[in-house]
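Here's the structure we're looking at; comments come further down.
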Amino acid sequence: MIVSARFGHYAVPLSAPVSDAKVATGRQRPLSHIDVLTCEVTTDDGLEGLGFSYTTRAGCRAQFAHAKEVASGLLGEDPSDIGKVYDKLLWAGASVGRSGVATQALAAIDVALWDLKARRAGLPLAKLLGAYRDSVRTYNTSGGYLQAPIEEVKERATRSLQDGIGGIKIKVGQPDTKEDLRRLTAVREHLGDDVPLMVDANQQWDRTTALRFGRAVEELGLVWIEEPLDAHDAEGHARLAAALDTPIATGEMLTSVAEHVRLIEARAADFVQPDVPRVGGITPYLKVAALADHAGLQVAPHFVMEIHVHLAAAYPRESWVEHIEWLSPLFDERLTIQDGRMLVPDRPGLGLSLAEHAKDWRLDEFESAAG
């Protein structure tokens, strides 16, 4: 039985601000930190589960407030009944919808319950779900942002490969497409033809620009072009996917199963990119993954590698997990990278614990407890 749930709001600083195409087009400011909502669930037999959600730039205070309002609904529940608990909390906040901030607040709770369930079984989460592999292919994103001069991007790509990363992704989507092509060509020439290379436009192109760019880079052998269009333009992505040999990847900004259904049914992506915190937790993520598998698609989850390494290992079709180290300082443990792959931790649950120094980044906290 659940006897308490503790929540924290943390602002985890980046080593230096980064900029993608949303910054280049004036739609957002550079990213300097990641806001994280944590949830620690405790049972009457003394077991604990740790979960978290996140936002960039805005929204975490809203998540924190929503979690605070519904958290009492956890108390007295059997933590193994994850679906039942999820539905209970979903209905508790139904008047504000079943996607976005409301379900992203629930994501921290849902992840904590899955972590607890795996810990009680003495298994890594991947093994609890049913792993197909003990490691997953991984690519680095954090070294390829637009604020970095191209020589720095090339240097960081080399360092990532030396550290055992298997692929490199760089940001594109600037107002000047020629500059995107110049940077991308320079990176491809630097890496050679055999290193897997992806690009990410962060939704900044219209359909015409995306098609022209896609045709211009066909010969570069990219693994995928990510978010070339607005995240909700399933029809546009479908047309692009049909017109290009280079695969299309998208889905990270979608915040419900229903939005992913539309993407999958439209055949709008070759790589579906659900994000556990954004889609509302592991429970809805698994529904998206099942739909993608049924459609014969790859799943390449976005960000939060600490969670997604387990889910990717439990997906039938091997794809990629994104390596971004921004949340690593929040935890005591580190993921192991070798030979182009990220190893699934052998510790029970997610295999994570909050670092003692994380309290220095905590902006707020509260606890809901029995009695």
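These numbers come from the heavy atoms of this one structure, side chains and all, not from hydrogens, waters or symmetry mates. Computed from a predicted structure; not experimentally measured. Sequential numbering from 1 along the given sequence is applied to the chain's residues.
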Residues in ring pair (Phe, Tyr, Trp, His ring centres under 6.0 Å) contact with His308, at least two apart in sequence or another chain = Tyr285

State whether a side-chain donor-acceptor pair under 3.5 Å links His33 with Thr56.
-> no

Closest heavy-atom contact between Ile150 and Ala186?
-> CG1-CB, 4.0 Å

Distance (rounded to the nearest 0.5 Å) between Asp134 CG and Arg341 CZ = 9.5 Å

Would you name the heavy atoms of Leu330 and Ala358 that are closest together and state the gap between them?
-> CD1-CB, 3.7 Å

May I ask you to test the Pro345-Val309 pair for a side-chain heavy-atom distance under 4.5 Å?
-> yes

Given Leu50 and Leu350, is the side chain to side chain contact (heavy atoms under 4.5 Å, CB included) satisfied, shown in steps?
-> CA-CA 8 Å; Leu50 171 65; Leu350 293 174; 5.9 Å; no

Test: Arg159 and Asp163 ion pair at under 4.0 Å | no

Just grab all the ring-ring contact (aromatic ring centres under 6.0 Å, His included) pairs involving residues 113-143, residues at least two apart or on different chains.
-> Tyr139-Trp224

When hydrophobic residues are tied together by side-chain contacts of less than 4.5 Å, even through go-betweens, does Val276 share a cluster with Leu254?
-> yes

Start with the C-alpha distance between His9 and Asp364, add both sets of side-chain angles, then the distance that settles side chain to side chain donor-acceptor pair (under 3.5 Å), and finish with yes or no.
-> CA-CA 5 Å; His9 174 194; Asp364 208 345; 6.0 Å; no

Counting heavy atoms not belonging to Asp194, are there more than 12 under 6.0 Å from its CG?
-> no

Crowded around His294 NE2? As in, over 12 foreign heavy atoms under 6.0 Å?
-> no

Count the heavy atoms belonging to other residues, nucleotides or ligands that lie under 6.0 Å from CG of Asp346, then report whether that count exceeds 12.
-> no

So do Arg98 and Ser256 actually touch side chain to side chain, heavy atoms under 4.5 Å?
-> no

Nearest non-hydrogen partners of Met305 and His323, listed with the distance | SD-CD2, 3.5 Å

Other cluster members, Val96 - Ile/Leu/Val/Met/Phe/Trp/Tyr, side-chain contacts below 4.5 Å | none

Under the ring-ring contact (aromatic ring centres under 6.0 Å, His included) criterion, do Trp320 and Tyr315 qualify, and how do the steps go?
-> CA-CA 11 Å; Trp320 294 86; Tyr315 188 68; over 10 Å; no

Are the side chains of Phe331 and Phe52 in touch, meaning some heavy atoms are under 4.5 Å apart?
-> yes

Give a yes/no verdict on a cation-pi contact between Arg212 and Trp205, requiring under 6.0 Å between NZ or CZ and the six-membered ring centre and an angle within 45° of the axis.
-> no

In terms of the angle between their ring planes, are Phe64 and Phe366 parallel, tilted or perpendicular, with boundaries placed at 30° and 60°?
-> perpendicular

Kindly determine whether Arg119 and Glu48 satisfy salt bridge (Lys or Arg N to Asp or Glu O under 4.0 Å), including the steps that lead there.
-> CA-CA 8 Å; Arg119 290 192 193 197; Glu48 293 188 350; 5.7 Å; no

Verify side chain to side chain donor-acceptor pair (under 3.5 Å) between Gln273 and Thr250, making sure each step is shown before the conclusion.
-> CA-CA 5 Å; Gln273 297 183 299; Thr250 192; 5.5 Å; no

Check: Tyr54 ring centre within less than 6.0 Å of Tyr10 ring centre | no

Apply side chain to side chain donor-acceptor pair (under 3.5 Å) to Ser53 and Gln104, showing your working.
-> CA-CA 7 Å; Ser53 184; Gln104 288 164 7; 5.7 Å; no

Got a salt bridge between Asp45 and Arg120, using NZ or NE/NH1/NH2 to carboxylate O under 4.0 Å?
-> yes

Please confirm whether the backbone N or O of Gly173 pairs with a side-chain atom of Thr177, one donor and one acceptor, at under 3.5 Å?
-> no

List the steps and the verdict of side chain to side chain contact (heavy atoms under 4.5 Å, CB included) for Thr158 and Leu161.
-> CA-CA 5 Å; Thr158 297; Leu161 297 174; 5.8 Å; no

Atom pair CD1 (Ile82) and CD1 (Ile109), whose distance is rounded to the nearest 0.5 Å = 12.0 Å

Is there a path from Phe7 to Ile34 through hydrophobic residues (I, L, V, M, F, W, Y) whose side chains come within less than 4.5 Å of each other?
-> yes

Flag yes if Val70 and Leu37 sit in one hydrophobic cluster, no otherwise; membership is Ile, Leu, Val, Met, Phe, Trp, Tyr, and two members link when side-chain heavy atoms are under 4.5 Å apart.
-> yes

Rounded distance [0.5 Å steps], CG in Leu263 versus CG in Asp233 | 10.5 Å

Measure the shortest side-chain to side-chain distance between Ser135 and Val344 over non-hydrogen atoms and say whether it is less than 4.5 angstrom.
-> no

Are the side chain of Glu322 and the backbone N or O of Phe303 linked by a donor-acceptor pair below 3.5 Å?
-> yes

Write down the atom of Val321, the atom of Thr138, and the distance for their closest heavy-atom approach.
-> O-OG1, 3.0 Å

Check the surroundings of atom NZ in Lys68: do more than 12 heavy atoms from other residues, nucleotides or ligands lie under 6.0 Å from it?
-> no

Decide, yes or no, whether a salt bridge links Glu218 with Arg215 under the criterion of side-chain N to carboxylate O below 4.0 Å.
-> no

Determine, step by step, whether Glu365 and Arg6 satisfy the salt bridge (Lys or Arg N to Asp or Glu O under 4.0 Å) criterion, reporting the C-alpha distance in whole Å, the side-chain angles of both residues, the deciding distance to 0.1 Å, and the verdict.
-> CA-CA 7 Å; Glu365 63 179 331; Arg6 297 185 301 278; over 6 Å; no

Any chance you could measure Leu311, atom CG, to Leu286, atom CG, to the nearest 0.5 Å?
-> 6.0 Å

Test Gln63 against Thr55 for side chain to side chain donor-acceptor pair (under 3.5 Å), laying out the working first.
-> CA-CA 9 Å; Gln63 288 185 12; Thr55 60; 5.2 Å; no

Cluster check Leu129, Leu352: I/L/V/M/F/W/Y, side chain < 4.5 angstrom | yes

May I have the step-by-step check of salt bridge (Lys or Arg N to Asp or Glu O under 4.0 Å) for Glu235 and Arg262, ending in yes or no?
-> CA-CA 9 Å; Glu235 179 186 359; Arg262 183 164 177 259; over 6 Å; no

Going by atom types only, do Glu325 and Ser142 share a side-chain donor-acceptor pair under 3.5 Å?
-> yes

Between the CD atom in Glu318 and the CZ atom in Arg137, the distance rounded to the nearest 0.5 Å is 5.0 Å

Smallest separation among heavy atoms of Ala112 and Cys39, with atom names | CB-O, 3.7 Å

Under a 4.0 Å N-O cut-off, is there an ion pair linking Lys22 with Asp20?
-> yes

Partner of Gln204 under side chain to side chain donor-acceptor pair (under 3.5 Å), picked from Asp180, Thr209, Thr25, is Thr25

Out of curiosity, does Leu343 fall in the hydrophobic cluster containing Val136 (side-chain heavy atoms, cut-off under 4.5 Å, transitive links)?
-> no

Closest heavy-atom pair, Thr255 versus Glu259, reported as atoms and distance to 0.1 Å, is N-OE1, 2.6 Å

Working to the nearest 0.5 Å, report the span between NE2 of His237 and CG of Asp230.
-> 8.0 Å

Side-chain donor-acceptor contact under 3.5 Å, Asn202 with Lys171 | yes

Using a strict cut-off of less than 4.0 Å between a Lys/Arg side-chain nitrogen and an Asp/Glu carboxylate oxygen, indicate whether Lys88 and Glu77 qualify as a salt bridge.
-> yes

